Amino acid sequence: MNAAAPLLEIRGLHAGISGTSDHVGILRDVALSIRPGEMVGVVGESGSGKSMTALSVLGLLPPAVRVTAGSVLFDGQDLATASARTLRAVRGRRIGMIFQDPMTTLDPVVRVGRQIEEAYRIHHPRASRAEARERAAAVLDLVGVPDVRERMRQYPHQWSGGMRQRAVIAMALVNDPELLIADEPTTALDATIQAQVLEVLARAREQLGVAIMLITHDLGVVAQYADRVVVMYAGQMMESASTGELFDDCRHPYSKALIRSRPSLAEPGAPLATIPGQPPSLDQLPTGCPFAPRCTAPYRSERCATETTALKASIDGRLSACHYRDIREDA
Ligand SMILES: Nc1ncnc2c1ncn2[C@@H]1O[C@H](COP(=O)(O)OP(=O)(O)OP(=O)(O)O)[C@@H](O)[C@H]1O
Ligand code: SF4
Ligand SMILES: [Mg+2]
């Protein structure tokens with residue numbers, strides 16, 4: 001594969017729920033790319049479509065939600081139209097997944113080591129049990145689990161929350177995937193443990209070269225770990241930028257509001273202060289810009305309520321969905 005080519009490239013992705021007489025758009029024109037070894041943060045308030053974007057990559061959208069347009073190219077292959085068999089071969093093997101609650105991933109009645117060995121053997125059916133055990137031990141060691149051999153014989157309830165999340169990360173890494181999708185991997189953990197788990201992800205990326213899609217509410221986490229960030233709102237992309245660009249000079253009024261609502265970027269785990277108002281309900285989206293009812297930008301105009309927005313490049317090449325992407329407040 002060409003090293004400069006994206007590993008994952010989501011293009012013009014639309015997904016929604018179709019009823020007999022109406023269609024509710026859940027994702028509208030989502031575009032996101034991740035290069036090999038890159039960490040891309042996906043941020044936005046609850047309900048903005050972060051998880052749906054992740055699930056669309058893996059072919060795991062809820063049954064009611066259908067992809068209606070666009071493509072999800074993974075190493076050149078379109079996963080949006082791939083067969084169930086192809087998806088099964090990619091999922092867990094070339095793309096690892098980590099979700100918020102480790103207990104939904106771990107089976108409470110199976111020893112932790114055994115679960116990681118099985119995750120390896122599904123994709124390596126010819127591997128011996130001893131080989132799978134070696135692989136599981138190596139990956140648990142990589143994620144910083146102490147006394148690995150002894151720990152492998154224990155059940156999940158004998159592990160602390162932070163250790164369980166390490167086990168889930170180990171399970172996601174056991175097949176040496178090219179991409180890891182981590183959907184709020186630390187939200188259920190307390191602040192100190194969150195930081196340790198994020199360090200584990202950062203180390204995995206450094207040592208294995210795995211690319212990571214990191215979905216989070218926490219802008220501090222993004223500022224510290226991600227190379228690039230996409231900001232979502234109401235199922236759409238509002239801004240896409242390098243992490244430095246976003247935090248030093250963000251362009252979309254929604255990104256500005258999100259960053260302003262964060263009390264201190266130096267304090268990972270602190271709760272997000274809220275932006276006044278609520279995101280729109282997806283079945284009652286305003287015509288025009290979805291952020292218009294809450295936008296306080298001084299240049300906001302009639303056009304905002306009538307003309308639909310899309311992620312486009314500004315004169316200086318920055319990607320924003322605001323109609324006024326070329327106006328600089330500080331100019
Ligand atoms: N199983 C489902 N069936 C239908 N619609 C759903 C389902 N799950 C979520 N949705 C809707 O899809 C939209 C996007 O949800 P999504 O879970 O992607 O948001 P999110 O950004 O991940 O939010 P959070 O930060 O709370 O996890 C929401 O409006 C939500 O109500
Ligand atoms: S398009 Fe208008 S309402 Fe939307 S973010 Fe820009 S200025 Fe605000
Ligand atoms: Mg989510």
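Positions are given from 1 along the sequence. Only a predicted model underlies this, so the values are computations on that prediction, with no experimental measurement involved. Both ligands and their constituent atoms are indexed starting at 1 by order of listing.
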Legend entry - Between Y254 and Q236: side-chain donor-acceptor atoms closer than 3.5 Å: no

Inset, instruction - Tell me yes or no: between the side chains of E239 and S320, is some donor less than 3.5 Å from an acceptor? - result: no

Could you tell me whether [X] and ligand 1 have an N or O pair separated by under 3.5 Å?
| X | value |
| --- | --- |
| T53 | no |
| I17 | no |
| G47 | yes |

Inset, instruction - Would you verify whether the NZ or CZ of R114 falls within 45 degrees of the ring axis of Y155 while also being under 6.0 Å from that six-membered ring's centre? - result: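 Here R114 fails the 6.0 Å and 45° test against Y155.
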
Inset, instruction - Check H124, H123, R93 against N175 for a side chain to side chain donor-acceptor pair (under 3.5 Å) and give me the one that passes. - result: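 Result: among H124, H123, R93, H124 is the only option passing the side chain to side chain donor-acceptor pair (under 3.5 Å) with N175.
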
Inset, instruction - For atom 6 (Fe) of ligand 2, check which protein N, O or S atoms are under 2.8 Å away and list them. - result: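 The answer, once waters are left aside, is C322 SG.
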
Legend entry - the Mg ion (ligand 3) reached by M52 (N, O or S, under 2.8 Å): no

Inset, instruction - Taking only heavy atoms of L282 into account, list the atoms of ligand 1 that are under 4.0 Å away from them. - result: 13 (C), 29 (O)

Legend entry - Contacting atoms of ligand 1, where contact means under 4.0 angstrom from a heavy atom of I26: 5 (N), 11 (C), 12 (O), 13 (C)

Legend entry - Options K50, M52, M232, E184, ranked by nearest heavy atom to atom 15 (O) of ligand 1, top entry: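 The nearest heavy atom belongs to M52.
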
